[in-house]
Engineer: 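For reference, the structure I am asking about is given below.
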Amino acid sequence: MWSWPRFNPARKLQPVPELPELQAHAERLNDWLTNRTLMSFRPLSFTALKTATPSPDEALRSAVGGVTRRGKHLLMSFPDGRDGHGITFVVHLMQGGRLRPDEDQKARPRSGIARWTFDHGPALLLTEAGKEKRAGIWVVTGDPLASAPLLGLGPEADALDAERLGEILARHSARLHGVLRDQRAIAGIGRRLANEVCNRAGLSPFANASRLGTGEIQRLARAITECIDESLAFERSRTDMSSSKERKGNVHHRAGERCQRCQDTVRSVEYRSYTVSYCPTCQTKGKILADNTTSKFLR
Ligand SMILES: [Zn+2]
């Protein structure tokens with residue numbers, strides 16, 4: 001009988017950086033690159049550039065207006081590009097992508113995906129670790145929020161009050177953990193924050209999002225704010241993006257360890273590419289969650 005491939009932690013993908021890591025990264029890049037003039041942009045892999053028009057060359061010889069973030073994307077804007085219509089490079093790092101200063105500017109940099117060079121020398125290199133090349137760059141003109149890949153993203157996770165959050169959850173009759181990670185519902189939350197937010201709020205990751213009560217939604221809204229604020233403060237204290245191991249938390253990647261709140265053992269439910277972690281005492285009235293997605297296929 002066919003079954004899911006056995007879970008192999010070694011094959012697990014690196015987690016995608018989330019709102020706090022990308023926000024702090026955008027702020028560092030903004031400080032470094034604002035007002036620098038773009039001298040060249042070169043994709044170094046076939047998969048790097050996701051758009052055919054406008055040409056990235058339309059941003060040449062214009063100055064960086066700033067580097068910002070929307071959801072899990074970084075935006076490098078050139079307001080004077082394309083004869084004043086504006087050009088924006090929208091970058092999604094996916095799991096293994098990183099934007100770094102490119103000190104030696106080798107012809108074939110290891111894991112290099114794309115390179116921007118600026119006047120007076122400095123260069124920015126997009127690298128991506130791993131075999132699967134999924135990081136990408138979209139070059140868009142005009143309002144970047146009005147075209148792919150940013151069009152249709154939900155509101156930023158750090159800009160939600162309980163009322164707005166409640167409206168969003170009411171429209172999604174699905175597991176809370178999945179709804180929190182759905183970028184069209186709420187932008188910026190990934191696997192780690194979803195785990196930590198559910199734990200902080202004392203809610204089951206498998207709770208039906210549309211059926212949460214007012215008090216539960218208020219706890220959830222507070223947990224989202226607190227978890228993001230703490231991670232953002234940590235990221236801003238650093239000079240480079242943290243690795244997933246360095247990010248603090250109570251449940252994420254802590255299965256088998258003691259919950260710091262109640263001393264119960266943290267549990268996890270394994271999926272093929274990610275893990276839902278939780279504390280039974282804090283979140284599920286002691287109930288052990290099982291992955292029941294398999295049974296649908298075997299029925
Ligand atoms: Zn606990």
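Remember, it's 1-based here, ligands and their atoms both numbered in the order they're listed. All residue numbers in this chain count up from 1 along the given sequence.
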Engineer: If two hydrophobic side chains count as joined below 4.5 Å and joins carry through other members, does V197 share a cluster with V251?
Structural biologist: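 No, separate clusters.
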
Engineer: Does R36 count as lying over the ring of F118, i.e. NZ or CZ under 6.0 Å from the six-ring centre, within 45 degrees of the axis?
Structural biologist: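 Verdict for F118: no cation-pi partner in R36.
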
Engineer: Quick one: name the protein N/O/S atoms under 2.8 Å from the Zn ion (ligand 1), chain by chain.
Structural biologist: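 Less than 2.8 Å away from the Zn ion (ligand 1) sit C259 SG, C262 SG, C279 SG, C282 SG.
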
Engineer: Are side-chain N/O atoms of S231 and R192 paired as donor and acceptor at under 3.5 Å?
Structural biologist: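 S231 vs R192: donor-acceptor pair found between side chains.
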
Engineer: Applying a strict under-4.5 Å side-chain criterion to I, L, V, M, F, W and Y, I'd like to know whether L193 and L22 cluster together.
Structural biologist: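 Looking at the clustering, L22 is in a separate group from L193.
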
Engineer: Salt bridge check: are E128 and R98 linked by an N-O gap of less than 4.0 Å?
Structural biologist: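 No, this pair does not count.
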
Engineer: Indicate yes or no for a side-chain donor-acceptor contact from N195 to the backbone of R191 under 3.5 Å, with no hydrogens or angles considered.
Structural biologist: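 At least one qualifying donor-acceptor pair exists.
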
